[in-house]
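As the structure lists them, so they are numbered: ligands from 1, and atoms in each ligand from 1. Quick caveat: nothing in here was measured; it's all calculated off a predicted structure.
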Amino acid sequence: MTSVLITGANKGLGYETARRLGELGWRVFLGSRDEDRGSAAAQKLAADGAHVIMVPLDVTSEESVAGAVRLVRQHTDRMDVLINNAGTPGGGVNPADATAKDIHAVYDTNVYGPVRVTNAFLPLLQAADNPRVVMVTGAGGSIAFVTDPGQAVSKMYELAYTSSKAALNMITVRYAQALPAIKFNAVTPGEVANGRFPATDMNRAGVLTVTEGSDPIIDRATLASDGPTGTFIDRLGSIAW
Ligand SMILES: NC(=O)c1ccc[n+]([C@@H]2O[C@H](COP(=O)([O-])OP(=O)(O)OC[C@H]3O[C@@H](n4cnc5c(N)ncnc54)[C@H](OP(=O)(O)O)[C@@H]3O)[C@@H](O)[C@H]2O)c1
């Protein structure tokens with residue numbers, strides 16, 4: 001049975017990804033920093049027949065990540081797919097007003113979080129036949145997208161979130177180069193060319209469904225062993241870094 005761990009899977013795109021991979025018959029380790037919200041989400045998926053195990057997991061805590069590894073090891077000694085989905089938007093603070101504290105809080109979740117979780121799960125990933133790591137970054141991490149004057153984001157002045165996702169893009173590439181036996185791919189929910197993104201609690205202006213938003217996550221999570229590593233895609237295909 002294929003096993004997947006999804007961080008921040010109690011709602012939004014993470015939950016939809018859990019639902020879709022559960023439907024494929026995968027064993028879903030549903031990460032949630034809040035146990036009650038995670039249990040409620042896991043119960044909903046289990047009621048529809050999915051094989052789901054809720055994993056308490058706050059990506060900002062080394063202790064929580066270590067606990068997640070221990071819990072997963074009670075069920076399996078390999079992890080086929082890790083989806084680093086948990087993310088925070090931060091407060092949208094203008095660069096002139098941003099403090100190192102604001103930036104650190106966003107990076108702790110969006111940058112250090114995926115590194116903590118990935119490194120803690122490397123032994124389990126390395127034990128799988130075709131291990132894949134999906135980094136849910138964002139169009140905001142694409143310098144090409146943010147500097148396109150036709151995109152509204154070029155006039156939304158913000159520092160922490162977009163730079164955190166740009167860092168996560170580079171981190172994805174560096175992992176892909178250093179660990180060729182594992183596929184590391186970055187995805188952004190949505191359609192960058194059309195400026196269309198999924199509606200979630202994080203993006204109330206979104207126009208796509210969470211199913212459409214999760215398409216690129218599912219695509220990279222289900223890659224065959226001859227699939228690519230070190231790519232950046234949205235639901236329409238490759239996008240510029
Ligand atoms: N929606 C979009 O248009 C869009 C566009 C580009 C990129 N993204 C990315 O897609 C990913 C999913 O976002 P979403 O749109 O589905 O937003 P969402 O509905 O707000 O979900 C975010 C998830 O991340 C979790 N989370 C936040 N901090 C965490 C932490 N420290 N540890 C563990 N989990 C944590 C949240 O848990 P709680 O419920 O406990 O808060 C929630 O489950 C994010 O990485 C986001 O940056 C989204």
Would you say [X] touches ligand 1, if touching means a heavy atom closer than 4.0 Å?
X      : result
Asp34  : no
Gly190 : no
Glu16  : no
Thr60  : yes

Nearest-0.5 Å distance, [atom1] of residue [X] to [atom2] of residue [Y]:
X      : Y      : atom1 : atom2 : result
Ile217 : Arg235 : CD1   : CZ    : 12.0 Å
Asp234 : Glu191 : CG    : CD    : 7.0 Å
Tyr107 : Asp102 : OH    : CG    : 12.0 Å

Students should be able to answer this: which protein heavy-atom is nearest to [atom], and at what distance?
atom                    : value
atom 44 (C) of ligand 1 : Asn85 O, 3.2 Å
atom 23 (C) of ligand 1 : Gly8 O, 3.7 Å
atom 15 (O) of ligand 1 : Thr200 OG1, 2.6 Å
atom 13 (O) of ligand 1 : Met202 CE, 3.7 Å
atom 4 (C) of ligand 1  : Pro189 CG, 4.0 Å
atom 34 (N) of ligand 1 : Ala86 CB, 3.4 Å
atom 7 (C) of ligand 1  : Thr137 O, 3.2 Å
atom 22 (C) of ligand 1 : Gly87 O, 3.9 Å

Mode of [X] contact toward ligand 1 - side chain, backbone, both, neither (heavy atoms, under 4.0 Å):
X      : value
Leu13  : both
Thr7   : neither
Asp108 : neither
Tyr15  : neither

Between [X] and [Y], is any side-chain donor less than 3.5 angstrom from a side-chain acceptor?
X      : Y      : answer
Asp80  : Thr2   : no
Ser225 : Asp129 : no
Ser64  : Asp58  : no
Ser214 : Arg20  : yes
Thr60  : Arg116 : no

What atoms of ligand 1 come within less than 4.0 Å of a heavy atom belonging to [X]?
X      : value
Gly12  : 16 (O), 19 (O)
Val136 : 9 (C), 10 (O), 11 (C), 45 (O)
Arg37  : 38 (P), 39 (O), 40 (O)
Leu57  : 32 (N), 33 (C)
Pro198 : 1 (N), 2 (C), 3 (O)
Asn203 : 1 (N), 2 (C), 3 (O)
Phe197 : 3 (O)
Tyr161 : 6 (C), 7 (C), 8 (N), 46 (C), 47 (O)

Could you label the plane-to-plane angle of the Phe232 and Trp241 rings as parallel, tilted or perpendicular, counting under 30° as parallel and over 60° as perpendicular?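 Geometry flag for Trp241 against Phe232: parallel rings.
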Which label fits Tyr175 and Phe184: parallel for a plane angle under 30°, tilted from 30 to 60°, or perpendicular past 60°? parallel
Could you tell me whether some N/O pair between Asn10 and ligand 1 is separated by less than 3.5 angstrom?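 So ligand 1 has an N or O lying under 3.5 Å from an N or O of Asn10.
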Return yes when atom NZ of Lys101 has more than 12 non-hydrogen atoms of other residues, nucleotides or ligands closer than 6.0 Å, and no otherwise.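 No, not enclosed.
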Does atom CG of Leu236 have more than 12 heavy-atom neighbours, drawn from other residues, nucleotides or ligands, at distances under 6.0 Å? yes
Is the distance from the ring center of Phe29 to that of His51 below 6.0 Å?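 So the answer is no for these two rings.
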Side chains of Lys183 and Val133: does their closest heavy-atom pair fall under 4.5 Å?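 Answer no - side chains too far apart.
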Does Phe145 reach the side chain of Ile239, with side-chain heavy atoms less than 4.5 Å apart? no
